[in-house]
Visitor: 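Got a structure for you, written out below as structure tokens; questions coming shortly.
Not measured: the values here are computed from a predicted model.
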Amino acid sequence: MLNPQAEAIIANGRARGWLTEPEAKRLLGCYEIPVPDFRVARSSAEAATAAIELGYPLAAKVVSPQIVHKTEVEGVALELCDEAAVKAVFARFETLPAFEGMLIEPMVSGVELIIGAKNDELFGPVILLGIGGTGVELYGDTAIRMAPLREKDIPAMVKRLKGRQVIEGFRGRPGVDMASLTKLMRAFSQLAMDLADDFESIDLNPVMGNSEGCVVADARVMLSELAPE
């Protein structure tokens with residue numbers, strides 16, 4: 001069952017049928033799923049102040065109720081290293097349709113993973129784990145389990161991935177902290193179960209994993225249509 005804060009977030013996005021990135025990350029926060037510390041700036045001055053508070057380098061994304069796929073409108077900017085760059089990106093973003101603000105957050109490094117959920121008509125929420133970036137697009141390197149996930153399911157899903165060595169560590173490179181990945185995925189599984197009547201798909205892409213933990217760098221939640229009364 002969703003808590004009141006999560007219910008309010010879902011209700012706010014219901015009319016448009018999806019959650020903006022700030023909404024999606026606040027929803028993840030309700031389940032203690034790690035996301036970067038972020039700010040939503042609604043003016044160039046607010047963006048400059050947020051950049052000082054968060055520290056460089058930064059990532060910036062457009063926030064608009066009309067833009068689901070931010071990369072298609074060049075609504076994502078990475079590795080911003082000074083105030084001039086932040087203000088220049090803000091000026092560009094505010095020309096995009098229905099601009100509401102700019103999400104600003106610190107850059108996160110690590111192995112790119114994708115974690116997702118879909119609502120299957122027969123089986124209910126199904127959870128996906130895969131290698132992110134070009135790996136998932138070119139090779140379909142993913143593993144799937146039905147929710148709710150048990151603790152032993154996460155290592156089993158990793159073992160099914162062709163690129164599992166980037167998670168486990170290889171050639172002297174540290175792998176992804178499995179305790180953190182397991183905790184994140186089990187919390188995400190619970191979110192999918194609690195949200196089962198309300199969502200079509202949830203994409204956490206990328207999730208940045210390293211030896212210290214896992215952080216959701218971007219998130220998209222597509223809501224289901226309300227059943228007629």
Side-chain angles (χ1 to χ4, degrees), residues 2-80 85-87 89-108 112-117 132 184 187-188 190-192 194-195 198-208 213-224:
L2 293 173
N3 66 34
Q5 183 181 358
E7 285 184 349
I9 293 169
I10 297 300
N12 193 59
R14 176 61 68 188
R16 81 178 81 93
W18 58 281
L19 302 184
T20 64
E21 185 176 343
E23 291 171 337
K25 286 184 170 176
R26 291 181 186 121
L27 178 64
L28 297 179
C30 294
Y31 286 78
E32 299 184 354
I33 296 173
V35 300
D37 185 13
F38 69 88
R39 307 283 189 277
V40 177
R42 293 177 172 80
S43 70
S44 182
E46 284 186 7
T49 299
I52 294 171
E53 293 173 350
L54 294 169
Y56 298 101
L58 295 164
K61 294 96 167 277
V62 66
V63 180
S64 165
Q66 293 184 13
I67 300 174
V68 179
H69 303 287
K70 299 182 289 291
T71 55
E72 292 181 359
V73 296
E74 298 184 351
V76 178
L78 305 177
E79 300 289 353
L80 304 181
V86 169
K87 288 186 173 180
V89 170
F90 186 93
R92 178 165 62 83
F93 283 0
E94 67 179 344
T95 66
L96 295 174
F99 174 80
E100 288 188 348
M102 182 170 84
L103 183 148
I104 309 172
E105 63 189 17
M107 292 291 300
V108 184
E112 288 190 34
L113 305 174
I114 179 171
I115 297 173
L184 187 158
F188 179 68
Q190 186 60 54
L191 166 61
D194 290 351
L195 201 64
D198 295 289
F199 86 97
E200 288 185 357
S201 64
I202 307 174
D203 293 304
L204 312 183
N205 186 25
V207 176
M208 306 301 291
C214 298
V215 179
V216 179
D218 203 351
R220 182 171 67 242
V221 179
M222 305 303 294
L223 301 175
S224 58

Visitor: Within this structure, what is the CG-CG distance for the pair Leu58 and Leu78, rounded to the nearest 0.5 Å?
Guide: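 Result: 10.5 Å between the selected atoms.
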
Visitor: Between Leu28 and Leu204, is any pair of side-chain heavy atoms under 4.5 Å apart?
Guide: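 Touching, per the 4.5 Å side-chain cut-off.
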
Visitor: Go through it in stages, so that I can follow the logic: the residues are Val221 and Ile202, the test is side chain to side chain contact (heavy atoms under 4.5 Å, CB included), and I'd like the CA-CA distance, side-chain angles, deciding distance and then a yes or no.
Guide: CA-CA 5 Å; Val221 179; Ile202 307 174; 3.9 Å; yes

Visitor: Quick one: are Ile10 and Leu19 in side-chain contact, heavy atoms under 4.5 Å?
Guide: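 A side-chain contact under 4.5 Å exists here.
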
Visitor: Find the distance between CZ (Phe99) and CD (Gln66) and round it off to the nearest 0.5 Å.
Guide: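 Reported to 0.5 Å precision, the distance equals 13.5 Å.
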
Visitor: Heavy atoms only: give me the nearest Arg220-Val68 pair and the separation to one decimal.
Guide: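 In terms of heavy atoms, the two residues are closest at CD-CG1, 3.5 Å.
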
Visitor: Does Arg39 reach the main-chain N or O of Leu54 with its side chain, forming a donor-acceptor pair under 3.5 Å?
Guide: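 No.
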
Visitor: Measure across Lys25 and Phe38 and return the closest heavy-atom pair with its distance rounded to 0.1 Å.
Guide: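 What the structure gives for the nearest pair is CB-CE2, 3.8 Å.
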
Visitor: Checking Thr20 side chain against Val63 main chain: does a donor-acceptor pair fall under 3.5 Å?
Guide: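 Judged by distance alone, no pair lies under 3.5 Å.
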
Visitor: Which atom names give the shortest non-hydrogen contact between Ala60 and Val89, and what distance separates them?
Guide: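 That closest heavy-atom pairing would be CB-CG1, 4.2 Å.
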
Visitor: Quick one: does Val216's side chain get under 4.5 Å of Leu184's, heavy atoms only?
Guide: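 Sidechains of Leu184 and Val216: in contact.
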
Visitor: Considering all heavy atoms of both residues, which atom of Leu191 and which atom of Tyr31 are nearest to each other, and what is their separation?
Guide: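 For Leu191 and Tyr31, the tightest heavy-atom pair comes out as CD1-CE1, 3.5 Å.
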
Visitor: Is there a donor-acceptor pair closer than 3.5 Å between any side-chain N or O of Ser44 and the backbone N or O of Lys87?
Guide: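 No; zero donor-acceptor contacts below 3.5 Å.
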
Visitor: Using side chain to side chain contact (heavy atoms under 4.5 Å, CB included), reason through Cys30 and Asn3 one step at a time and then give a plain yes or no.
Guide: CA-CA 8 Å; Cys30 294; Asn3 66 34; 4.0 Å; yes

Visitor: Quick one: pull up CZ in Arg14 and CG in Leu223 and give me the separation to the nearest 0.5 Å.
Guide: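 Rounded to the nearest 0.5 Å, the CZ-CG separation comes to 5.0 Å.
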
Visitor: Report the C-alpha separation of Met102 and Val86 in whole Å, then their side-chain angles, then the decisive distance to 0.1 Å, and conclude whether the side chain to side chain contact (heavy atoms under 4.5 Å, CB included) test is met.
Guide: CA-CA 10 Å; Met102 182 170 84; Val86 169; 4.0 Å; yes

Visitor: State, to 0.1 Å, how close Glu200 and Ser224 come at their nearest heavy-atom pair, and which atoms those are.
Guide: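 Distance-wise, the nearest heavy atoms are CG-CA, 3.7 Å.
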
Visitor: Could you check if a side-chain atom of Leu2 sits within less than 4.5 angstrom of a side-chain atom of Asp198, using non-hydrogen atoms only?
Guide: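 A side-chain contact exists here, since the closest heavy-atom pair is under 4.5 Å.
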
Visitor: Between Phe90 and Ala47, which heavy-atom pair has the shortest distance, and what is it?
Guide: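 Distance-wise, the nearest heavy atoms are CD1-CB, 4.1 Å.
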
Visitor: Quick one: do Glu105 and Lys61 make a salt bridge, cutoff under 4.0 Å?
Guide: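 Salt bridge between Glu105 and Lys61, a charged N being under 4.0 Å from a carboxylate O: yes.
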
Visitor: For the CD atom on Glu32, are there more than 12 heavy atoms of other groups (residues, nucleotides or ligands in this structure) within a distance under 6.0 Å?
Guide: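 Open: at most 12 neighbouring heavy atoms sit under 6.0 Å from CD of Glu32.
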
Visitor: Report the distance from atom NZ of Lys70 to atom CG of Leu96, rounding to the nearest 0.5 Å.
Guide: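 One gets 12.0 Å once the value is rounded to the nearest 0.5 Å.
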
Visitor: So how far is it from Leu27 CG to Ile33 CD1, rounded to the nearest 0.5 Å?
Guide: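 Interatomic distance, Leu27 CG to Ile33 CD1, rounded to 0.5 Å: 7.5 Å.
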
Visitor: Could you tell me the separation between the CD1 atom of Ile52 and the OG1 atom of Thr49, rounded to the nearest 0.5 Å?
Guide: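 Output value for this atom pair is 6.0 Å.
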
